[in-house]
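Just below is one structure, and these are the notes that go with it.
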Amino acid sequence: MAKLVYSQEELMADHPYAKRQEDAGYLMHGGFDETGTYISPRTLHRWPAVKAWQGALKEKGVPLIDASVELLKHGNFPNVEQQKFLLKNGYGQSLWNSLTVTGIVEARGRALCEFTAPDFQDIIVDDISETATGHLGKGLLYAHGADEGGDPDQPQYGAHDAMWFAARDLLFGANAYPADIEPDNISRPDQGRLMPQLPDVYEQIILLLMNVLMIEVRAEAFFSFCQKVMRDPDVFQDRREAAERAATMVERIRTDEAIHVGYLQTVVSEMRAFTFKTVDGGTIAGKDLIDPIWQGMIHWHAETQHEKARELSYARVREHFEAMPEGAKLLDQFNALGARAKAA
């Protein structure tokens, strides 16, 4: 029988590393085994735990929610060919900014290390001791925050923030462009009370988990985009070896992030199957509580936020080309690459 109860120490445990991860002047979390294979941090027991909790759901006939890039209706903007066009026409700052902003946002994820999750057992009828939901405050949220912005107990190791900055510096060289960038808000704005049946503190954490899950889904699409651009021999021709290392760095982040999608997907799926206690003394089926909010979260990230980000990025591209002698012609070519991708 699979183990379903874990301590925080177990969920934070690392594999033994033969070598730590270091590149571009950054010492980072994770490491390599004797064969040189990269191993994500804090996954010695965390991955077996998530798989066990998912297995328990399957045994109960509870489906996992879809948490794949299929939820997204649009690809990255700019697309791969457009990004290559920008690089070839002197606008490397577009990609530099994207990598920098991603690193800054990742650093903010460290706040999860300081977050005290409420005890969901207080508002759930079912026993949650053998579920991912029951372990949110027992290491899952802390480990997630440590992955993103660094473990406060191990400040010598950078996390995903440092890994994105390392990938950026490998591509362009350190300090190639100004780094004083303020990221746009990528979280869904406050909509007021969406789950008035629950105490506010529980609603807020559920919304946070859903929001972070959709951010992780969008990140998966960005990983693919980055690796295709970085590994294309038509760009970064004078830095091909460094660009390959940058793509490998992104692949390691991608490997790390899989556990985040895994546990969040499990938690939301579990919550759909639970029965919740309501503030008026009654109960409500989890799917009736969760499903409408989850669909709204998907729409905001896949449609609303995508369009907002696309408009902002396009404005910056247009501004760049307008400052060039044949900028109008170049902008038309850039737009054509977008239209061609849509038609394909």
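Numbering starts at 1 and runs along the sequence shown. None of the values given here were measured: they were computed from a predicted structure.
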Extract all donor-acceptor atom pairs below 3.5 Å that involve side chains of residues 229-237 and protein atoms in other chains or at least two apart in sequence.
| residue | atom | partner | partner atom | Å |
| --- | --- | --- | --- | --- |
| Asp232 | OD1 | Asp234 | N | 2.8 |
| Asp232 | OD2 | Lys84 | NZ | 2.8 |
| Gln237 | NE2 | Asp234 | O | 3.2 |

Between Glu203 and Arg193, is the salt bridge (Lys or Arg N to Asp or Glu O under 4.0 Å) condition met? List the steps.
CA-CA 8 Å; Glu203 174 183 328; Arg193 291 302 308 271; 2.4 Å; yes
Would you list the atom pairs, donor with acceptor, under 3.5 Å between side chains in residues 269-280 and any protein atom, with sequence neighbours excluded?
| residue | atom | partner | partner atom | Å |
| --- | --- | --- | --- | --- |
| Ser269 | OG | Ile65 | N | 2.9 |
| Ser269 | OG | Gln265 | O | 2.7 |
| Glu270 | OE1 | Ala132 | N | 3.3 |
| Glu270 | OE1 | Thr133 | N | 2.8 |
| Glu270 | OE1 | Thr133 | OG1 | 2.7 |
| Glu270 | OE2 | Ala132 | N | 2.9 |
| Arg272 | NE | Asp291 | OD1 | 2.5 |
| Arg272 | NH2 | Asp291 | OD2 | 3.0 |
| Thr278 | OG1 | Asp280 | OD1 | 2.4 |
| Thr278 | OG1 | Gly282 | N | 3.0 |
| Thr278 | OG1 | Gly282 | O | 3.0 |
| Asp280 | OD1 | Gly282 | N | 3.0 |

Flag this pair as yes if the NZ/CZ of Arg46 is under 6.0 angstrom from the six-membered ring centre of Tyr263 and inside a 45 degree cone about the axis; otherwise no.
no
Is it true that the NZ or CZ of Arg254 lies under 6.0 Å from the centre of Phe223's six-membered ring and within 45 degrees of the ring axis?
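Output no; distance or angle outside limits.
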How long is the gap from [atom1] on [X] to [atom2] on [Y], to the nearest 0.5 Å?
X: Thr248; Y: Gln227; atom1: OG1; atom2: CD; result: 8.0 Å
X: Glu10; Y: Lys3; atom1: CD; atom2: NZ; result: 3.0 Å
X: Glu322; Y: Leu331; atom1: CD; atom2: CG; result: 7.5 Å
X: Gln21; Y: Ser40; atom1: CD; atom2: OG; result: 9.5 Å
X: Leu95; Y: Leu86; atom1: CG; atom2: CG; result: 9.5 Å
X: Arg252; Y: Thr255; atom1: CZ; atom2: OG1; result: 9.5 Å

Could you tell me how the ring of His135 sits relative to the ring of Trp53: parallel (under 30°), tilted (30 to 60°) or perpendicular (over 60°)?
tilted
Is the Trp164 ring parallel, tilted or perpendicular to the Phe222 ring (thresholds 30°, 60°)?
tilted
For the residue pair [Y] / [X], report whether a side-chain donor-acceptor contact shorter than 3.5 Å exists.
X: His144; Y: Glu216; value: yes
X: His29; Y: Asp147; value: no
X: Arg316; Y: Ser94; value: no
X: His74; Y: Glu303; value: yes
X: His301; Y: Asn211; value: yes

Quick check: is [Y] connected to [X] through a chain of hydrophobic side chains (ILVMFWY, heavy atoms under 4.5 Å apart)?
X: Phe172; Y: Val250; result: yes
X: Leu209; Y: Phe115; result: yes
X: Leu141; Y: Trp47; result: yes
X: Leu11; Y: Val261; result: yes
X: Leu140; Y: Leu208; result: yes

Begin with the C-alpha distance, continue with both residues' side-chain angles, and end with the deciding distance and a verdict on side-chain contact (heavy atoms from CB on, under 4.5 Å) for Lys308 and His306.
CA-CA 5 Å; Lys308 176 184 175 183; His306 170 83; over 6 Å; no
With a 4.5 Å cut-off on side-chain heavy atoms, are [Y] and [X] touching?
X: Trp96; Y: Arg168; result: yes
X: Gln82; Y: Gln333; result: no
X: Lys19; Y: Glu34; result: no
X: Glu311; Y: Phe77; result: no

Main-chain N/O of [Y] paired with [X] side-chain donor or acceptor, under 3.5 Å:
X: Asp126; Y: Ile128; result: no
X: Arg239; Y: Leu171; result: yes
X: Gln83; Y: Pro78; result: no

Go through the steps for Met249 and Phe165 under the test side-chain contact (heavy atoms from CB on, under 4.5 Å), then give the verdict.
CA-CA 10 Å; Met249 186 68 67; Phe165 297 150; over 6 Å; no
From CA spacing to verdict: side-chain contact (heavy atoms from CB on, under 4.5 Å), Phe85, Val80:
CA-CA 9 Å; Phe85 183 79; Val80 172; over 6 Å; no
Residue pair [X] / [Y]: nearest heavy atoms and the distance that separates them:
X: Ala24; Y: Ala166; value: CB-O, 3.9 Å
X: Met324; Y: Asn89; value: CE-O, 4.1 Å
X: Ala67; Y: Val217; value: O-CG2, 3.5 Å
X: Cys113; Y: Ala146; value: SG-N, 3.3 Å
X: Gln93; Y: Pro178; value: NE2-CD, 4.2 Å
X: Met195; Y: Ile206; value: CE-CG2, 3.5 Å

Using the side chain to side chain donor-acceptor pair (under 3.5 Å) criterion, which residues pair with Asp33? Sequence neighbours excluded.
Thr35
CD (Glu319) with more than 12 external heavy atoms under 6.0 Å
no
Lys329, NZ atom: more than 12 neighbouring heavy atoms under 6.0 Å:
no
I'd like to check the salt bridge (charged side-chain N to carboxylate O under 4.0 Å, His left out) partners of Asp256; sequence neighbours left out, ordered by chain and number.
none
Asp23 vs Arg245, test: side-chain contact (heavy atoms from CB on, under 4.5 Å). Steps then yes/no.
CA-CA 9 Å; Asp23 203 347; Arg245 282 158 56 200; 2.5 Å; yes
Just grab all the salt bridge (Lys or Arg N to Asp or Glu O under 4.0 Å) pairs involving residues 63-73, residues at least two apart or on different chains.
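Listed by first then second residue: nothing to list.
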Do Tyr17 and Phe32 make the cut of ring centroids closer than 6.0 angstrom?
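Ring centroids of Tyr17 and Phe32 are no less than 6.0 Å from each other.
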Apply the test side-chain hydrogen bond (donor to acceptor under 3.5 Å, both in side chains) to residues Tyr314 and Asn335: give CA-CA distance (whole Å), side-chain angles for both, the deciding distance (0.1 Å), then the verdict.
CA-CA 10 Å; Tyr314 185 75; Asn335 291 335; 3.1 Å; yes
If the condition is side-chain contact (heavy atoms from CB on, under 4.5 Å), which residues does Thr116 pass it with, not counting sequence neighbours?
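side-chain contact (heavy atoms from CB on, under 4.5 Å) check on Thr116 returns nothing, list empty.
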Does the pair Asp14/Arg42 count as a salt bridge with the N-to-O cut at 4.0 Å?
no
